[in-house]
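So the structure is just underneath, and the comments pick up after that.
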Amino acid sequence: MKIIKVRNYEEMSDIAAEYVTTLIKEKPDTVLGLATGSTPIGLYKRLIKDHNENKTSYENIKTFNLDEYIGLDKNNSQSYHYFMHEHLFKNININKKNIYIPNGFAKDINKECIEYNEKLKNNVIHLQILGIGSNGHIGFNEPGTSFSSEVHVVKLDENTRKANSRFFNQINEVPTYSITMGIKNIMEAKQIILLASGNQKANAIYDTIHGEVTENVPASILRTHPNIIVIVDEEASSLV
Ligand code: GLP
């Protein structure tokens, strides 16, 4: 586990963007695993800036997103489909057919899990971007999720719903269920970059780096990944 401590959110985003753009330039058919939440927004801004200024091309890049809420259609402004479109995809030259996000509005959600899992099996993710929940969740894999889990439906923790309610008008609008890559899917990525910024992530980062590897802290399994970089700002690494 390589740990890079930086001063703040801006530096964290700069370094993450440097890794991603370097990889894309070297390997124009990179398969990226992408995350939502406020943490990667600065990274996505920098990817867009680099695309505009340096013409880095996404024509042959494929992306797989970690997760999606169940019950929100793609055009709902709180869906992760919408988030990705607004914060990244509409601003780069990615081919729509190369974008994969679980469909949380599928009629048969179990079938959707199986199909998304199959797609992941048929594609190796070269670089997975991850954020972390304040309870140590990755994707939407809440504490207690099996390390051998694949794509599955999750009942969200009340804490996660509360934390994510800042994007909604009120907490009862936050969906109760989501579909997420499992921990096994995440660990299959060739390389992982975990990003964390802010005080509210300090405990989760401490547990991830120094705590026991336990299913009670989903991110703790990342310590066993052969190629993981953790980029943390001063606040998030204050206990490390
Ligand atoms: C959500 C997402 C996670 C994300 C986490 C942290 O629950 N499913 O992928 O890492 O929130 O979000 P933020 O970056 O906004 O703190």
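Counting convention: from 1, in listed order, for ligands and their atoms alike.
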- Look at atom 14 (O) of ligand 1 and say which protein heavy atom is nearest, naming residue and atom and giving the distance to 0.1 Å. Thr39 OG1, 2.4 Å
- Check the pair Asn164 / Tyr69 against side-chain hydrogen bond (donor to acceptor under 3.5 Å, both in side chains), numbers first and verdict last. CA-CA 11 Å; Asn164 290 4; Tyr69 288 116; 3.1 Å; yes
- Shortest protein heavy-atom distance from atom 16 (O) of ligand 1, along with the residue and atom involved: Lys201 NZ, 2.6 Å
- What protein heavy atom sits nearest atom 7 (O) of ligand 1, and how far away is it? His137 NE2, 2.9 Å
- If the plane angle is over 60° it's perpendicular, under 30° parallel, otherwise tilted; pick one for Tyr100 and Phe64. parallel
- Message: Looking at Pro143, is its backbone amide N or carbonyl O close enough to the side chain of Asn216 to form a donor-acceptor pair, meaning the two atoms are under 3.5 Å apart?
- Response: no
- Message: Looking only at the side chains, is there a donor atom on one of Thr180 and Ser178 sitting less than 3.5 Å from an acceptor on the other?
- Response: no
- State whether the side chain of Asn141 and the backbone N or O of Met181 hold a donor-acceptor pair below 3.5 Å, judged by distance alone. yes
- Specify side chain, backbone, both or neither for Ala35, according to which of its non-hydrogen atoms lie closer than 4.0 Å to ligand 1. neither
- Message: Taking a cutoff of less than 4.0 Å between a non-hydrogen atom of the residue and any ligand atom, is Arg166 in contact with ligand 1?
- Response: yes
- Numbering the atoms of ligand 1 from 1, which are under 4.0 Å from a heavy atom of Tyr80? 1 (C), 2 (C), 8 (N)
- Task: Output yes when a side-chain donor or acceptor of Tyr80 lies under 3.5 Å from a complementary backbone atom of Thr36, and no otherwise.
- Result: no
- Is the side chain of Arg7 donor-acceptor paired with the backbone N or O of Glu234 at a distance under 3.5 Å, no angle test? no
- Message: Using heavy atoms and a 4.0 Å limit, tell me yes or no: is Gln200 in contact with ligand 1?
- Response: no
- Task: Out of Thr36, Thr160, Asn164, indicate the one that has the non-hydrogen atom closest to atom 1 (C) of ligand 1.
- Result: Asn164
- Item | Shortest protein heavy-atom distance from atom 8 (N) of ligand 1, along with the residue and atom involved | Asp67 OD2, 2.8 Å
- Exam field: side chain Glu112 to backbone Asn103, donor-acceptor pair closer than 3.5 Å: yes
- Message: Which residue and atom name correspond to the protein heavy atom nearest atom 6 (C) of ligand 1, and how close is it?
- Response: Ile132 O, 3.5 Å
- Filtering Gly139, Gly37, Ser197, Gly131 for the heavy atom nearest atom 3 (C) of ligand 1 leaves Gly139
